[in-house]
Every structure is written in structure tokens, then in C-alpha cells.
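First the structure, in the form of C-alpha cells, and then the observations on it.
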Amino acid sequence: MAVQLVLTLPDGSTREVPAGTTPRTVAQAIGAGLARAAVAARVGGQIVELDRPLAASGPFQILTDRDPEALGVLRHTAAHVLATAVRRLFPDAGIGFGPAIEDGFYYDFAVPRPFTPEDLERIEAGMREVVAADYPVVREEVGREDAARRFAADPLKLERLAEIGDGEVISVYRDGPFEDLCRGPHVASTGRLQHFKLLHAAGAYWRGDERRPMLQRIYGTAWFSQKDLDAYVRRLEEARKRDHRLLGRQLDLFSIQEHVGPGLIFWHPKGAMLQFQLRRFIEDVLLARGNQLVYTPHVTREELFLKSGHLPLYAENQFPPMGAGEGEAEGVRYRVKPMNCPMHILVYAAQQRSYRDLPLRLTEIANVYRNERSGTLHGMLRVRGLTMDDGHIFLRPDQIESEIFELLDIVDLVLGRTFGLEYRLDLATRPAEKLGTDEQWTQAEQALESALKRRGATYRLDAGGGAFYGPKIDIKFDDAIGREWQGATIQLDYQQPERFALEYTGADNQPHRPVMIHRAIFGTMERFIGFLIEHFAGAFPLWLAPEQVRVLPISDAQAAPARALRERLHAAGIRAALDDRSDTLNYRIRDAELAKVPYMAVVGAREAQAGTVALRVRGAGAKQEILTQDAFLERVTDEVRTRRRGP
RNA sequence: GCCGGUGUAGCUCAGCGGUAGAGCACUGGUUUCGUAAACCAGGGGUCGUGGGUUCAAUCCCCACCGCCGGCUCCA
């Protein structure tokens, strides 16, 4: 007589089954429809395949093709199907890892030559054969020696096997001819995979370690329906249209000139206007909150960065020394600065500081240069010449929490309340290699955490992700294609005040060492504006738009009144252009729409007569609105002043 | 930096071992127009750079540079 298990279903009801019953049987007992839609099951907290015998009582849920977790299971199997096909075509291919990832899956292979696009086509066709064969995906638990025998020809798998602890289950999944060391779970058979597509191949270091061999990774995507697959492909296409590199050219915002150098941005007038508006905005915000502007040199004697500790540690990311002769000017080696912190420290240290001066908040929108590795450059999102909105705050340890709280508020004011952006907060704590005492770290981490909690912010814990000099809060966002980038950052630093022997005189008339916070709200103008371009798809809110209004006379007869309207707008501080070219109105409207100008003010005979404008709003199509010039001016200036997000 | 792909006019792209083409953009002219492309004409390219093979290279080979997709790294 088997032991009876009690399963608690999601609706709260319970069901008694003998131990060893499979989820599939339970699903069938609940209903034939559910059994058909079933992909996997959640038992306790764990997702298992449908044919895994149940061993314990507890919460139980059948996952169908409507549960997001089920998609992960399907994609994981898709990775195995991929490996099955690759092994068939390339029997000697070594296998690495093949997980499900967001929107798809990949598998890494050790092969003597990289896959070609033609290989991918053959492999995808091979996958369709594996699907058509509808191999059951069979789980087997094996002993260590058995596993070692099975994967004797796969050194990468053996490496993984050696890491599995003695108490842990070693499981193997087989579909047809292919066997993989794998934790699972999987769908019941390869036939379940129908709607998939291989996307591309790329090199990837084994275990993400650049000292280890490079494997060939094949990426793919898989969905439960053709409709979902099509929607995904469309989503990728839409995302590509928002790419800031494409829009940057189409809207004439910026360029990168090959003969000047990669990663160096030319801000064209329209892009420069974006940056100008953002600078004004952030400087206003910071000045209103007790920051002081400074300007500091772009180059320095190299010793400064030796003292700060950047050299030689950071040398790989710095441009080499400059000057006459062998990297020297008058016998001294100069470097262009990759960071501003030592500069701001010198401003702090230029006079004696009292505890009454703290927090001392120095801020500078500064250009710095970093010799980023060539393969990492990416439009404006990753550059070599960066314009940081960089600030350094010098304070007493007891001021940390309130200052962090204040900084988080500025971040939310700028990113959240002004732009309506979604961003994530990561609390990065002490790494293995660190400087400073454990007490300092504990105090610092607690200060960051309690500031986050006091704000009611949700954040992820990035354990061990802190800098060697202190913990930090990183603010991250996604670009159009879904890649994650770091924008704002708030970092505590105990190290540099130490290295530069910074002091302030306390109320006790004794010298004390201040703590330092590095902070950036936008991060860099390049990355932030690149991100904004993608976020708004180039259709910037009025206050940011390089060109806010375009005045369009219907014919030459309205040239004078149209010009007068443009002058009125200029006088009101509005960036207005006049398009009185001899092209048709339709042509000029199309031109303005493509340039993503927020407002088109059309002036025909009727409007010229009545002192009105026929207003066309970007993206609103032919819907138009007739209003007086006064009303129009008021509306526009009001929207600019309040930094409204529209139109 | 590493792996793969790629580079033809300002942009998007076609082409091919016999020294280059389209659309858009630009310039000139005609058109004066009521909400997403009027018409006609014209100018514009050392085919990324440097070597090599060849009677002849934009095309084939090599190297370098840039770009794209990943990996690694980071604001």
C-alpha cells in the first residue's frame, strides 16, 4: 500500500494521491483539457516535468502554456533539441551549457571552426527533424561514475560534474540520440517544441572567463504559438527602429567619425540642444539642493592618478601619457583624466574644512576620456569620450544615511517624476577584495540599505558587487533591444579620503577623516541621451525637443504672417523654425513629422486673417485644432515651463 | 581585447575580373498648394585603407581600420 500524499491546488482545494503518481496523472484526473495544455508542474517551490513521480505532500500546480515558467521549460528543451541537431551534424562538437534565457535559449559548443550562417540553416532544419521524431525527454538519476562514463568524451561536462556535491542528485536527460548532464526540467517530448527560430551565433568564453577557451554559442527563440513567435519577431523589428544609432542619424543628433576615432561623439546642433537643456535642468536641481559648481582641468600630471590609486590598477582603461618626447612634457608625464574624483578632492583639500562645512557637495559636468576596449563600444551608450554629470560629496559618517536618502530622491525626481522612466536599484555590497575595516563596511552597507528602505524603494541585492573602496547603489535601465545599462550611481568611498589624507576639524577641535560619496544622476550625457532617444523613439517632450514648433505657411501669400509668428515664438523663448520652401504643404508636413517636431503651426489665408494657427500635433495625424496665437503661445510656454511629458 | 559577420554617393541599397547604378536627400527651374512624398533637369563616388595575384581588381587573396551581433568589461 503506497503512502498517500496530499496535494494543495492553487484554488486551495486538496487532492489525495498515492506516492509515485505523476503530475500528468493528476492533471488528467482534474480534466482532459488541463492535461492537454500541461507543460510541467510546480511541486512545492520546484518546477518538475510531468512524468516525475511525486514524493511529497504540499502545494501543487500544473503549469500550462499560459504560465511564464512553462516558457522557460520549453526553451530549455529547445536548447537540448538544438544540441541534438548539432551533434547529428557535427558529431565531435563538445557541449557546454544550454540554458533558457529571457525570450529564448542558447547552447555553447566546442567546435574546431565557428558556425556559418549556412550551418545555422542546416541546424535549424535538423532541429525540425528532431521535433518531428517527437522523442520523449527522459530523466534518469545516475551515480557519479556512471555519469563520468557517459560524458567521458565531454570535458566541459566532466568539469561541471566535478562541481556537483556528493549529496546532490546527478540527473541526465535524454532525447533520442542526445544525452545531457542537466538539472531539468523539460517538456515531455521534443514534439512539444513547434514555434522556434535560430537567431545568430557568436563566440562566448567558457564560463564567461576570457582566460578560458572560446566556445561557439547559438542563440534561438521559442514560443508556444506561431502568433507569439511572430509577435516577438515584430517586437525585435520595432525595437530596431528605436535604436539611438539609427535615430541619431535620421534626426541629425550626433555622429561618430571614423577618421577621428571610435567612441568619440560629435554632437550636432540638435543633439547639442538636448544636452544643453539637460545640463540646465540637472544643474538647477543640484544647485537648489546645496551643490556647488566647480570646473577642473582635463589633464594632470600622472602622479595624481598614482596617488588616487587609479594607476596602475586602472591603466588599461586610461589613455597613455602625453607630451613631447617619450610621453613627456618638460620631463613630466601628463594624462587625460578618466575620472574627476581626484580633482574634486583637491578642491576640498585646498583649504581647511570644518565640520560645519559638511556635507560639501561639489558638482561638475565634465568630459573625461577612457580607453574602453574596442569591442565594447556601442553608439552613445558606450563611448571613450564621456560627459559625466559627476559629483562628489564630502561628509561625516553620521551624515551618510540622510545624504543617500536625499540622493535617491534626486534620482527619482529626475528619472521617475520628470521623465517617467522605469529604473532598477541595485545595492552592491562588499566584494572579496576590499579595503577598509569590516566595521566601516557594515556601517556603510547599513546606511545605504536603511536609506533605501526609508524611501520604500524596491531594490535588488548585488552581493559582492561593490567597488573595492566601498558599497554602492547602481541605477540601471534597459535599452530598446533589452540590454541592461548602468546610468546613475551612488558610491561610498572610504579609500580616497584616506589616500589624500583629507581632514576636517570636528566640534571637538580634533582632525577627523571625512567620507566621500561619488554620485552621478544621468551617469553620462552620452549614455543618458542615447537612452532617452530610444525611450522616446526620438519624439522628445516639448521642453527637450531641439525644434519645438515648425511654422508652415500654406502658400507664399502667408510668408510674412508666418515669419511674424515665428518671431513671436522666438521672443517667447520657443525654438521655432519656419518652413516656407516652395514644396507642397503635404510634403512639408511629412518632413516635419519625420523630424518629430512636436507642434506644426499651419498658417493659411484664414489663420493669417484671424490671427490664429491651425495646430497639428506630432503623431496625431490630420486631427487639428484652431486656436489663437495668444492661446498657442500660452500653451507652449506653459508646457515647457512645467516640463510636461507630451505631446 | 576575443569569436563571427560586414564595409559601393549624405542615407538605404543593387551590381560585377574589362575603371559604377537606383530611390531618397542635395542644387537649379516650373508649381503656390488646407494637413504624411507636385513636375522637370542637374551635380555628386580615389567602391574603407594598404599590399598582393592578374594584361586588367570595386569584384580574388592577405593585413590593417571602422561598423554590426555576441563574450568579457563598464557610466
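So that the names make sense, note that chain A is the first sequence line, chain B the second, and so on, each numbered from 1.
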Counting any heavy atom closer than 4.0 Å, what does [X] reach on the DNA or RNA strands: base, sugar-phosphate only, or nothing?
X	answer
A:G208	sugar-phosphate
A:V368	nothing
A:R370	base
A:F528	nothing
A:R527	base

In plain terms, say whether [X] and [Y] are close enough for a salt bridge, that is, a side-chain N and a carboxylate O under 4.0 Å apart.
X	Y	value
A:R242	A:E237	no
A:D478	A:R483	no
A:D119	A:R122	yes
A:D409	A:R289	yes
A:D390	A:R519	no
A:R212	A:E159	yes
A:D426	A:R460	yes

Spacing of [X] atom [atom1] relative to [N] atom [atom2], expressed in whole Å:
X	N	atom1	atom2	value
A:I365	B:A75	CD1	P	18 Å
A:D474	B:C73	CG	P	14 Å
A:L377	B:C65	CG	C1'	13 Å
A:I101	B:G69	CD1	P	15 Å
A:N371	B:U72	CG	P	20 Å
A:F254	B:C11	CZ	P	14 Å
A:Q491	B:C74	CD	C1'	11 Å
A:R113	B:C2	CZ	P	22 Å

Pairs under 3.5 angstrom, nitrogen or oxygen only, protein versus nucleotides 4-6 of chain B, please.
none

(request) Give, for atom CZ of A:R207 and atom CZ of A:R160, the distance between the pair rounded to the nearest 0.5 Å. (result)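 Going from CZ on A:R207 over to CZ on A:R160, the span is 6.5 Å.
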(message) Would A:R382 and A:W485 count as a cation-pi pair here, with the cationic atom under 6.0 angstrom from the ring centre and within 45° of the axis?
(response)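 No, A:R382 does not sit over the ring of A:W485.
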(message) Both A:R384 and A:Y314 contact RNA chain B. Which one's nearest nucleotide lies toward the 5' end?
(response) A:R384
Atom [atom1], compared across [N] and [M]: separation rounded to whole Å:
N	M	atom1	result
B:U19	B:C65	C1'	25 Å
B:G23	B:G44	C1'	15 Å
B:G1	B:U54	P	34 Å
B:A25	B:G43	C1'	13 Å
B:C59	B:G52	P	14 Å
B:A75	B:C16	P	48 Å
B:C62	B:U6	P	13 Å
B:U58	B:A14	C1'	14 Å

(request) Please identify each residue that fulfils ring pair (Phe, Tyr, Trp, His ring centres under 6.0 Å) with A:F477, with sequence neighbours left out. (result)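 So A:F477 forms a ring pair (Phe, Tyr, Trp, His ring centres under 6.0 Å) with A:F531.
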(message) Quick one: does any side-chain atom of A:Q558 pair with a main-chain N or O of A:S555 as donor and acceptor, under 3.5 Å?
(response)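 Yes; at least one donor-acceptor contact below 3.5 Å.
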(request) Go through B:C67, B:C74, B:C71 for me and flag the one nearest to the A:R382 side chain. (result)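 Nearest to the side chain of A:R382 among the choices is B:C74.
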(request) With the side chain of A:R483 defined as its heavy atoms from C-beta on, choose the nearest nucleotide among B:G69, B:A75, B:C11. (result) B:G69
(request) Spell out yes or no: do the side chain of A:Y205 and the base of B:G70 have one donor N/O and one acceptor N/O closer than 3.5 Å? (result) no
(message) Taking side chain to side chain donor-acceptor pair (under 3.5 Å) as the definition, give me every residue that meets it alongside A:E593, ordered by chain and number, with sequence neighbours left out.
(response)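 In terms of side chain to side chain donor-acceptor pair (under 3.5 Å), with neighbours along the sequence ignored, A:E593 is linked to A:R616.
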(request) Starting at the 5' end of nucleotides 28-38 of chain B, put B wherever the base has a protein heavy atom under 4.0 Å, S where only the sugar-phosphate does, and a dash everywhere else. (result) --BBBBBBBBB
(request) Any chance you could encode RNA chain B as dot-bracket? Rule is Watson-Crick or G-U wobble with both distances under 3.5 Å; [ ] for pairs crossing earlier ones, | for another strand. (result) (((((((..((((....[..)))).(((((.......))))).....(((((..]....))))))))))))....
Between [X] and [N], does any side-chain N or O lie under 4.0 Å from OP1 or OP2?
X	N	value
A:T376	B:C74	no
A:H378	B:G69	yes
A:R211	B:C73	no

(request) With sequence neighbours excluded, give me every salt bridge (charged side-chain N to carboxylate O under 4.0 Å, His left out) pair touching residues 525-535 of chain A. (result) none
(request) Return yes if a side-chain donor-acceptor contact under 3.5 Å exists between A:H392 and A:N340, otherwise no. (result)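 No, no side-chain donor-acceptor pair sits under 3.5 Å.
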